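Just so you know, ligand 1 is whichever comes first in the structure, and atom 1 is the first atom listed for that ligand. Just so it is clear, the model here is predicted, and its values are computed rather than measured.
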Amino acid sequence: MKILITGAAGFIGFHLSRLLASNGIEVVGIDSLNEYYPVRLKLDRLNELKQYKSFSFKTINICDKEALDVLFENERFSTVINLAAQAGVRYSIDKPYKYIDSNLIGFINVLEACRNNPVKHLIYASSSSVYGNSNDIPFSTNDRTDEPVSLYAATKKSNELMAHSYAHLYNIPITGLRFFTVYGPWGRPDMAYFSFTKKILKGDKIEVFNEGNMERDFTYIDDIVNAIEKLIDLPFDKNGEQEKPYRLFNIGNNKPVKLMDFISTLEKHIGKQAIKEFLPMQKGDVYRTYADISDLEERINFTPATSIDRGLKHFIDWYTKYYSG
Ligand SMILES: NC(=O)c1ccc[n+]([C@@H]2O[C@H](COP(=O)([O-])OP(=O)(O)OC[C@H]3O[C@@H](n4cnc5c(N)ncnc54)[C@H](O)[C@@H]3O)[C@@H](O)[C@H]2O)c1
């Protein structure tokens, strides 16, 4: 088994690479090391991965079709896990073409590479943002998802449609994963739990959007990567019946947390009150996310094990250690 992880220097890619490589699985990681957030953090994650002999890394942009094709021809991957993307909802308002490049052009390059160099399984990252401002909770993969409220969400929905067509046309077994607000150590500086922590520690004010009336189904990173590991070899036939080679799962915590409760938990673990500035809703944001995870429960016995209290404590512990060094 040889696995390609794209976006391996990113938050989820790093944790997944570490989990798989520590279990002796051969992992090739690629990443463009873009400057969306400090490259230092990406390099430090890669530095952590150096200790694993079964992990190797190349700086490759998935938009570079030629480089990707050469890599696939040389390495002959059994599984590909595509996590490389331009993430973030708010940035897609300012930099729409970054999303078109990495999330659409890059994604078709990955699909084409899998078409030309057959793999046993392609897993790719989608997002809870495809549910837009749906009021049907919890969000189920059977719900309609044709009203995205950001370009980021529109590119993730496009990925799902593109992947479905390639699974159908070329019989490539493909699994799409709709992640719900993933957080934890080595996380993403653009996300609220990270930037709030930085600001609270410095005594700067935090911006609380929609007057604090929001809910997120925060999902701890270990729960996410443990589930992905189980999915790698999960057969496509269910109860002996051959399914089509395409499936889509929510991976969330199934326990939405109110924004103000989340801030209180951060304050408790940091040991300091936040200075809050209450602001209206931001363009592109959604009010609530809440994952129905019954499919994943049924298929891999998925039960998120980490409470927001424990997960945020792990994050704060990591943050204070990382930035004190
Ligand atoms: N973290 C979350 O809460 C969350 C939620 C929903 C979906 N997702 C999706 O999960 C995936 C991983 O997210 P993350 O939180 O680890 O983000 P991240 O930004 O930390 O990781 C993405 C990595 O991909 C790399 N990358 C971007 N464009 C690339 C390109 N064209 N070629 C090669 N590498 C490229 C970046 O340098 C980065 O290291 C993304 O697809 C993201 O959209 C994440």
Side-chain angles (χ1 to χ4, degrees), residues 4-18 28-46 49 57-65 67-68 71 80-92 95 97-110 113 123-131 139 148 150-160 163 176-194 216-221 223-225 227-228 248-253 286 289 291 311 315:
L4 171 68
I5 299 181
T6 73
F11 168 44
I12 301 175
F14 156 70
H15 281 275
L16 184 63
S17 298
R18 188 170 63 174
V28 177
I30 63 169
D31 200 295
S32 63
L33 301 176
N34 73 25
E35 294 177 355
Y36 172 56
Y37 60 77
V39 177
R40 180 77 258 156
L41 180 58
K42 298 182 184 185
L43 294 175
D44 285 343
R45 291 178 184 135
L46 288 177
L49 292 172
F57 179 78
K58 290 189 173 72
T59 306
I60 291 179
N61 190 322
I62 57 168
C63 296
D64 183 347
K65 182 169 163 33
L68 205 60
L71 178 79
V80 172
I81 304 177
N82 185 58
L83 301 173
Q86 181 55 58
V89 166
R90 290 169 195 164
Y91 191 61
S92 67
K95 300 276 180 200
Y97 286 94
K98 299 260 184 215
Y99 292 76
I100 301 304
D101 290 345
S102 292
N103 303 8
L104 299 184
I105 307 291
F107 193 66
I108 185 70
N109 289 343
V110 172
I123 298 177
Y124 71 93
S126 182
S127 157
S128 62
S129 64
V130 301
Y131 292 106
F139 298 163
S150 68
L151 182 71
Y152 169 67
T155 62
K156 289 292 175 181
K157 179 65 193 175
S158 307
N159 288 169
E160 295 181 357
L177 301 175
R178 290 178 177 167
F179 296 136
F180 282 67
T181 318
V182 190
Y183 74 102
W186 296 98
R188 259 177 44 207
D190 62 316
M191 291 181 72
Y193 67 93
F194 202 118
R216 288 289 179 274
D217 202 2
F218 288 100
T219 316
Y220 191 65
I221 184 67
D223 291 323
I224 293 276
V225 294
I228 300 176
L248 193 57
F249 294 112
N250 284 337
I251 305 200
N253 205 46
V286 298
T289 62
F315 169 71

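- In this pair, Tyr193 and Phe315 present their aromatic rings perpendicular. The plane angle is above 60°, beyond the 30 to 60° band.
- Scanning for side chain to side chain donor-acceptor pair (under 3.5 Å) contacts around Lys98 gives an empty result, with sequence neighbours left out.
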Measure and list all N/O to N/O distances between ligand 1 and the protein that fall under 3.5 angstrom.
unit_1, atom_1, unit_2, atom_2, d
ligand 1, 1 (N), Arg188, NH1, 3.3
ligand 1, 3 (O), Val182, N, 2.7
ligand 1, 15 (O), Arg188, NH1, 2.9
ligand 1, 16 (O), Phe11, N, 3.2
ligand 1, 16 (O), Ile12, N, 2.8
ligand 1, 20 (O), Phe11, N, 2.9
ligand 1, 20 (O), Tyr37, OH, 2.5
ligand 1, 28 (N), Ser102, OG, 3.2
ligand 1, 31 (N), Asn61, OD1, 2.7
ligand 1, 31 (N), Ser102, OG, 2.9
ligand 1, 32 (N), Asn61, OD1, 3.3
ligand 1, 32 (N), Ile62, N, 2.9
ligand 1, 34 (N), Ser32, N, 3.0
ligand 1, 34 (N), Ser32, OG, 3.4
ligand 1, 37 (O), Asp31, OD1, 2.6
ligand 1, 37 (O), Asn34, N, 3.4
ligand 1, 37 (O), Lys42, NZ, 2.9
ligand 1, 39 (O), Gly10, N, 3.2
ligand 1, 39 (O), Asp31, OD1, 3.2
ligand 1, 39 (O), Asp31, OD2, 2.7
ligand 1, 41 (O), Leu83, O, 3.2
ligand 1, 41 (O), Lys156, NZ, 2.8
ligand 1, 43 (O), Tyr152, OH, 2.7
ligand 1, 43 (O), Lys156, NZ, 3.1

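- Residues Arg216 and Thr181 share a closest heavy-atom pair of CD-OG1, 3.6 Å.
- Residues passing the side chain to side chain donor-acceptor pair (under 3.5 Å) test with Asn82 are Thr6, sequence neighbours excluded.
- For residues 178-188, the pairs satisfying salt bridge (charged side-chain N to carboxylate O under 4.0 Å, His left out) are Glu160-Arg178, Arg188-Asp190, with sequence neighbours left out.
- Between the side chain of Asp217 and the backbone N or O of Thr289, no donor-acceptor pair lies under 3.5 Å.
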